[in-house]
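First the structure, in the form of structure tokens, and then the observations on it.
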Amino acid sequence: MTQALPPAPTSAIDWDSLGFKWIDTNGHVKYIFKDGKWDQGEFVRDSYIKMHVCAPCLNYGQECFEGIKAFRCKDGQIRIFRPDANAKRMIYSAELACMAPVPEALFIEACERAVANNLEFVPPYGSGGALYLRPLLLGTGPEIGLYPAPEFTFIVSVIPVGNFYKGGVSPVDCLVVDNFDRAAPLGTGAAKLGGNYAPVLRHSSDAKARGYPITLHLDSKTHTNVDEFSTSNFVALTYPSTSSETPTPTFCAPESPSILNSVTKQSLVQLAKSFGWNVENRVIPFTEILENRFEEIAACGTAAVITPVKSIERQGVKTLIGTSKTQAAIGPGFLRLFTAMRGIQNGDLEDPYGWMQPAQGIAPRHEA
Ligand code: PLP
């Protein structure tokens, strides 16, 4: 039986000029955890939330969040990319910040419900845009002492976002942040807590003003090994010296207890393995960058999938990555990964891993 198609994208939005900025939609879904259990949740037609002034999320940063995308696929159906992986990561973050974890099934239901009530805000197939989902877990009950909140609120809001690469995928310059540590060695760097981000803003904003769109953090204890970028994971490719026209790359990612377990990176690793590439998850000394051991380096994350890096500057020393070709355009290895990943997300390619949350259950609801 063929499934009914969801409503078309609204004509109220100019899909070609969409960026990454808040746009009011129909609303968000909200669930409350109280007296040891989660409620049934509701759809809220508002962009504002009301909470107690003593909410620990406001006073002590007891909160965590996620970022997910939903796509209008080639067959017209709308699918969410790997919400189960984000659900698992939010459970990890919640435990670290002493919050009631959102069970995986409830997390996925909330994502579906948020999309189902905002179907007309999912950008058109082929536009390069997506519906960005922002799950948010907050300690909201009143508690002025340093104790966990007696009540938690779980929200999923949505924002239509545009094609990250309107002018094509172009490599960027990166700056190493040496005067600030993003994550302590036994700290919370592997969790998606809001508190990990605010202190980085000053440094990433300074870097942007100086012409570096992204910033790289090294391990806090020794400042010798690569950790991750401020909002994305570090990934790199090496190629064997061979006369073969199609050498098999090795996909390298840093092993560190202080970095976020990027869902994009997990997916790229699976794709790289499916191509027959080697995958190395290991400590990556910064000296390997200085010695230009990587033919291709990129940042990876939900927003852009892959952002190639053409140079990395540390304490006034700028290292060019790869060759003049990979400094001008995305290299062949990352291009192959990017194309495969975007192909699966758009429904242009088969999804052998079951990454795309199928449309079952995503029927327009428009709850009151
Ligand atoms: N690392 C950090 C610090 C991030 O904020 C993000 C973005 O969520 C990522 C990595 C990439 O993770 P994902 O691929 O799950 O979006």
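Each ligand, and each atom within it, is numbered from 1 in the order the structure gives. Along the sequence shown, the residues carry numbers beginning at 1.
Of all atoms in ligand 1, listed by their number and element, those nearer than 4.0 Å to a heavy atom of Y197 are 2 (C), 3 (C), 4 (C), 5 (O). Remark: ligand 1 atoms within the under-4.0 Å shell around heavy atoms of N233 are 1 (N), 10 (C). Heavy-atom proximity to G301, at under 4.0 Å, picks out these atoms of ligand 1: 11 (C), 14 (O), 16 (O). The ligand atoms of ligand 1 that sit less than 4.0 angstrom from a heavy atom of C300 are 11 (C).
At the shortest separation from atom 8 (O) of ligand 1 among protein heavy atoms lies K192 NZ, 2.6 Å. Summary of contacts: the protein heavy atom closest to atom 16 (O) of ligand 1 is T302 OG1, 2.6 Å. Counting only heavy atoms of the protein, atom 6 (C) of ligand 1 lies nearest to T231 O, 3.1 Å.
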### Full working for side-chain contact (heavy atoms from CB on, under 4.5 Å) between Y239 and E296
CA-CA 9 Å; Y239 291 82; E296 298 178 50; 2.6 Å; yes
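Of the polar atoms of S262, at least one N or O is found under 3.5 Å from an N or O of ligand 1, judged by distance alone. Ligand 1 has no N or O atom lying under 3.5 Å from any N or O atom of N86, backbone or side chain. Note: an N/O pair closer than 3.5 Å links E228 and ligand 1 by distance alone. Residue S230 has no nitrogen or oxygen atom sitting less than 3.5 Å from a nitrogen or oxygen atom of ligand 1, judged on distance alone. For ligand 1, the polar-atom distance check against N261 finds no nitrogen or oxygen pair separated by under 3.5 Å. Where the criterion is an N or O separation shorter than 3.5 Å, residue side chain and backbone included, V263 meets it with respect to ligand 1.
A heavy-atom distance below 4.5 Å is not found between the side chains of P254 and E228. Taking 4.5 Å as the limit, every side-chain heavy atom of F294 sits out of range of all side-chain heavy atoms of I312.
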Tabulate below the donor-acceptor pairs under 3.5 Å that side-chain atoms of residues 271-279 make, not counting sequence neighbours, or state none.
| from | atom 1 | to | atom 2 | distance (Å) |
| --- | --- | --- | --- | --- |
| S274 | OG | L271 | O | 2.6 |
| S274 | OG | Y353 | OH | 3.4 |
| N278 | ND2 | T250 | OG1 | 3.1 |

If you look only at distance, which donor and acceptor atoms sit under 3.5 Å apart when one is on a side chain in residues 28-37 and the other is two or more places apart or in another chain?
| from | atom 1 | to | atom 2 | distance (Å) |
| --- | --- | --- | --- | --- |
| H28 | ND1 | D46 | O | 2.8 |
| Y31 | OH | E109 | OE2 | 2.5 |
| Y31 | OH | R113 | NH1 | 3.1 |

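K192 and Y197 form a side-chain donor-acceptor contact under 3.5 Å, judged by distance and modelled atom types alone.
Taking both residues in full, the closest heavy atoms of A298 and I306 are given as CB-CG2, 3.8 Å, listed atom of the first, atom of the second, then distance. Residue T326 comes nearest to P171 through the heavy atom pair O-CG, 3.6 Å, listed as atom of the first residue, atom of the second, then distance.
Only the side chain of R182 comes within contact range of ligand 1, with a heavy atom under 4.0 Å; no backbone atom does.
Enclosure of atom CG in L186 is not indicated, since only 12 or fewer non-hydrogen atoms of other residues, nucleotides or ligands lie within 6.0 angstrom.
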